[in-house]
Structures are given as C-alpha cells and as structure tokens.
Amino acid sequence: MEHPLEGKVAVVTGASSGIGEAAVLELASRGASVVAAARSAEKLKDLARRAAASGVLAVETDVSDRDSVEAMIERVLGEFGRLDVLVNNAGLGLSGRVAELRAEDLRYVFEVNAVGPLNCMQAALPHMGRGGRIINVSSVVGKRAIPKVGGYCSTKFALNALSDSLRVEVADRGISVTSVYPGTTRTSFRDNSRRTKDEKRGWRPKGVTPDKVAKKIAAAAEKGPRDVYVTLSDRLFVAGVTLFPGLTDRALRSWAKD
Ligand code: NJP
C-alpha cells in the first residue's frame, strides 16, 4: 500500500535538534522527501548524512530573516519542484517574570517564534496546492500562560492566532493548518532559552521524548487535523484551565513564589 506521504515534499524548520530533528527522520521514514532547515549547518549536514538513504536535504536557514527563508523555499522548488508540507517548528524559550522581562529579549523571541513562522508561511503558500499542510508547533502554554515564562507564552499565543486566521483563509484552497501543542519534551530547549536572570529552575514534569512529538507531527502531515495534543494529560490540562481560569490562577500562585 502506498504511504500517504510518498512523493510529497516537506520542509521542517528548527531541524538541527530536538523535535525538528526527530520530525525530519519520522517524515523521511514515511516516504516524504524532507528539507531540514536551521542555522547550524554542521548539525544539519550530520543529520542529512545519517538519513542519507532517505535523501534529506539540509538548507541553512534563519527563519527570522525573510531573505534567508525565500532562498530556502527557492532551493526546495529548484530541487523538488513542489512543496506539500511546512512544519514550523523552530523556536526558543524565554524565562523571566513579566515585571523583569527585557523588551529586546521579547522582541528577539517574537522574531523567531511568531515572525519566523509568518515568513515561512508567506513564502511557502504561493507554491502549495490542494492537500497542502501547514503544521505550526505551539505549546500547551500557548493555551494558558503560566508564571515566569509569560514572554514565551505570548509568542505561542500569537502563533496560534496566525494559525486560526490562516486556517479559515486557505480552507477553500484545500490547505490545512494544524496547531501542535506539546508539553515538556526532553530536548535542549531549556538550555537554549533566553533568561532574564539566573533564577532557580522550578519543577517541571519529566516530559516526553522528541520522537513522540515527531510521530504526532508526521500523522498531522498525513491527515491535517485542526489541533494536536501529544498526551492525554496535556489535553486535560488545557480543558481544565479553560473551564476554571480563576481556580487555575490560584493553583499557579505557589509556582510563582519559588
Ligand atoms: O528545542 P531545541 P525543541 N532560525 O532547542 C532552531 C516547542 N516546544 O526541539 O538554528 C532557524 O532542541 C534551532 O536550530 P539552530 C518550542 O517552542 C518545546 O524542544 O541550528 N532555526 C533548533 O533546531 C519550539 O518551537 C517544548 O540553532 C532556529 C530548534 O530551533 C519547538 O517545540 C515544549 C532559529 C530548537 O530546538 C522545538 O523545540 C513546548 C532561527 N532563528 C513547545 N532559532 C519542550 N522542549 O519542552 C532557533 O511546549 N532555531
């Protein structure tokens, strides 16, 4: 039986580590031709070497730079002649209390987490046909902001807004827009986060492996659902905080203290 991704071309941003790297390998294993985009050329080359049999193409890209994104999309079209799936996964964290956040840090993280996906969507959309899939990697904390990472949460809320508007705008073209909401995932994310100051790192759940998130992303590339949660507890968390916002505020107060 032919796999739904056979013959399809997928771009994954933030492909040099963590969830993006795992998504490249998962999509390739399901038959897609995959373009791995990020800034670290060496890590991408290494990934392309490891996935040599699947023909992964590494393209050095800074998603916050529109020219760099345009050049990446041109390269995709030059090499493969089509573009079916865009996974906007590149991103970084920002920790710090709202009262202490530096505006320049927030601007930088917005440039990567929200303007980056915007650059990629605007560059890719003119080349996508029916059955095209845009998959935006958000976060459970893009559904309910929590203390000490409000800046990061705000970038994911912005990304969700872009996804929700775009979904309706491109529905008639047969293009789907999926939001993926991971919770804690065991990657280099925390080490790569910007920090307002050296604060004690609070408790975090152990989290899931990047492979688990990658499987969800690949399934979304096949079927194009609206929303994707990685675990049942993430889904229940979002349902609970939506139903009981005041109670959630009270429950989160202890988290804000330490
Ligand atoms: O993090 P990490 P994850 N242009 O640090 C790339 C979300 N998420 O895999 O450019 C292009 O291992 C960077 O590559 P490089 C999170 O918000 C995570 O966990 O070479 N790429 C690297 O490949 C993010 O959206 C958790 O430095 C840029 C990648 O981004 C996504 O999951 C929880 C770039 C980051 O890999 C993947 O994060 C959650 C740029 N300007 C949501 N800047 C979690 N891990 O717990 C960075 O709810 N990158």
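All residue numbers refer to positions in the sequence shown, counting from 1. Note that ligands are numbered from 1 as they come in the structure, with each ligand's atoms numbered from 1 the same way.
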Report the part of [X] in contact with ligand 1, treating N, CA, C, O as backbone and CB onward as side chain, heavy atoms under 4.0 Å; options are side chain, backbone, both, neither.
| X | result |
| --- | --- |
| Y181 | neither |
| N89 | both |
| V63 | both |
| S138 | backbone |
| E21 | neither |

pair V87-L27: side-chain heavy atoms closer than 4.5 Å: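 Side-chain contact under 4.5 Å: yes.
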- Query: Given side chains that start at C-beta, do those of L57 and V34 come closer than 4.5 Å, heavy atoms only?
  - Reply: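 Side-chain contact under 4.5 Å: no.
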Treating Ile, Leu, Val, Met, Phe, Trp and Tyr as nodes and any side-chain heavy-atom pair under 4.5 angstrom as an edge, say whether F157 and L106 lie in one connected cluster.
->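 The answer is no; the residues belong to distinct hydrophobic clusters.
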Top protein contact for [atom], by heavy-atom distance:
| atom | result |
| --- | --- |
| atom 38 (O) of ligand 1 | F189 CD1, 4.2 Å |
| atom 47 (C) of ligand 1 | R39 NH2, 3.5 Å |
| atom 6 (C) of ligand 1 | G14 CA, 3.5 Å |
| atom 2 (P) of ligand 1 | S17 OG, 3.5 Å |
| atom 35 (C) of ligand 1 | G91 O, 3.6 Å |
| atom 13 (C) of ligand 1 | S16 OG, 3.8 Å |
| atom 5 (O) of ligand 1 | N192 ND2, 2.7 Å |
| atom 3 (P) of ligand 1 | T187 OG1, 3.4 Å |

If you count the atoms of ligand 1 from 1 in the order shown, which ones are under 4.0 Å from a heavy atom of [X]?
| X | result |
| --- | --- |
| G18 | 9 (O), 12 (O) |
| A15 | 23 (O) |
| D62 | 4 (N), 40 (C), 41 (N) |
| T61 | 4 (N), 11 (C) |
| P182 | 39 (C), 42 (C), 48 (O) |
| S139 | 39 (C), 42 (C), 48 (O) |
| Y152 | 7 (C), 8 (N), 16 (C), 17 (O), 39 (C), 42 (C) |
| G183 | 26 (C), 33 (C), 39 (C), 46 (O), 48 (O) |

Any donor-acceptor pair under 3.5 Å from [X] side chain to [Y] backbone:
| X | Y | result |
| --- | --- | --- |
| S193 | F189 | yes |
| T196 | S95 | yes |
| T155 | N113 | no |
| R130 | I175 | no |
| T61 | V63 | no |
| D234 | Y229 | no |

- Query: Step by step, would you call T185 with I19 a side chain to side chain contact (heavy atoms under 4.5 Å, CB included)?
  - Reply: CA-CA 8 Å; T185 309; I19 294 170; 4.0 Å; yes
At the 4.0 Å heavy-atom cut-off, does [X] count as touching ligand 1?
| X | result |
| --- | --- |
| V112 | yes |
| G207 | no |
| E111 | no |

Verify the distance criterion only: is there a donor paired with an acceptor across the side chains of T209 and R186 at less than 3.5 Å?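 No, because no side-chain N or O of T209 sits under 3.5 Å from a partner of the opposite role on R186.
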Practice task
Kindly determine whether V213 and V137 satisfy side chain to side chain contact (heavy atoms under 4.5 Å, CB included), including the steps that lead there.
Solution key: CA-CA 10 Å; V213 186; V137 179; 5.6 Å; no
Not counting sequence neighbours, which residues clear side-chain hydrogen bond (donor to acceptor under 3.5 Å, both in side chains) with R82? List them please.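 side-chain hydrogen bond (donor to acceptor under 3.5 Å, both in side chains) check on R82 returns D84.
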Note to self: Heavy atom to atom 28 (C) of ligand 1, shortest distance: which of C120, A90, G116, A36 holds it?
What the structure shows: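 It is A90 whose heavy atom sits nearest to atom 28 (C) of ligand 1.
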Handout entry: Selected option - heavy-atom contact closest to atom 44 (C) of ligand 1, from L47, V115, V140, T185
Key =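 Residue with the shortest heavy-atom distance to the ligand atom: T185.
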Item to check | SB check R107 E104 (cutoff 4.0 Å) | outcome: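 A salt bridge is absent here (no side-chain N lies under 4.0 Å from a carboxylate O).
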*Only one of D227, V230, V141 forms a side-chain contact (heavy atoms from CB on, under 4.5 Å) with Y181, so which one is it?*
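Going through the options one by one, the only one that passes is D227.
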For side chain to side chain contact (heavy atoms under 4.5 Å, CB included), just list the numbers for C120 and T13, CA-CA rounded to whole Å, side-chain angles, deciding distance to a tenth of an Å, and then say yes or no. CA-CA 9 Å; C120 294; T13 69; 4.0 Å; yes
Does the N or O separation between [X] and ligand 1 drop below 3.5 Å for any pair?
| X | result |
| --- | --- |
| A37 | no |
| I19 | yes |
| T184 | no |

R167: what forms a side-chain contact (heavy atoms from CB on, under 4.5 Å) with it, not counting sequence neighbours?
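By the side-chain contact (heavy atoms from CB on, under 4.5 Å) rule, R167 matches S163, D164, V177, S179, R226.
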